[in-house]
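Just below is one structure, and these are the notes that go with it.
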Amino acid sequence: MGLGAPEIILILVAILLLFGGKKIPEMMRGLGKGMKEFKEAQSAATAEPIPAPVTVASQKENNA
């Protein structure tokens, strides 16, 4: 049970009517920026290992 061409066209027309022609490019630009930032953060997270969090107990042991 997938979406066919008529359903996709109906959804696009509804979006156009709801948001208007001027607002849609702004929304797509924001979506593109968000996806780009997500990909950059994802690649940075896999490239650098995250250090283990320092707890209060381990800080007291280091100071003693």
Side-chain angles (χ1 to χ4, degrees):
M1 185 172 185
L3 290 176
E7 290 86 6
I8 293 174
I9 292 172
L10 182 63
I11 292 169
L12 292 175
V13 169
I15 290 173
L16 182 61
L17 289 174
L18 287 173
F19 296 108
K22 293 182 180 180
K23 191 72 174 173
I24 292 175
E26 294 174 17
M27 290 179 4
M28 293 299 111
R29 193 174 303 118
L31 180 65
K33 286 181 182 180
M35 289 174 56
K36 181 179 177 184
E37 290 177 9
F38 177 77
K39 287 179 182 179
E40 289 174 357
Q42 187 178 18
S43 65
T46 57
E48 300 175 13
I50 299 173
V54 178
T55 61
V56 176
S58 63
Q59 287 179 349
K60 289 180 182 177
E61 292 172 3
N62 290 337
N63 291 337

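By the criterion of side-chain heavy atoms lying less than 4.5 angstrom apart, applied directly or through intervening Ile, Leu, Val, Met, Phe, Trp or Tyr residues, Ile11 is grouped together with Leu18 in one hydrophobic cluster. Residue Ile15 is not grouped with residue Leu10 when hydrophobic side chains (ILVMFWY) are merged at heavy-atom distances under 4.5 angstrom, including chains of intermediate members.
Put simply, the side chain of Glu7 gets close to the backbone of Gly4: a donor and an acceptor are under 3.5 Å apart.
Salt-bridge formation is not detected for the pair Arg29/Glu26: no Lys NZ or Arg NE/NH1/NH2 atom is positioned less than 4.0 Å from an Asp or Glu carboxylate oxygen.
Between the CG atom of Leu17 and the CG atom of Leu12 there is a distance of 11.0 Å, given to the nearest 0.5 Å.
The shortest side-chain heavy-atom distance between Met28 and Ile24 falls under the 4.5 Å cut-off.
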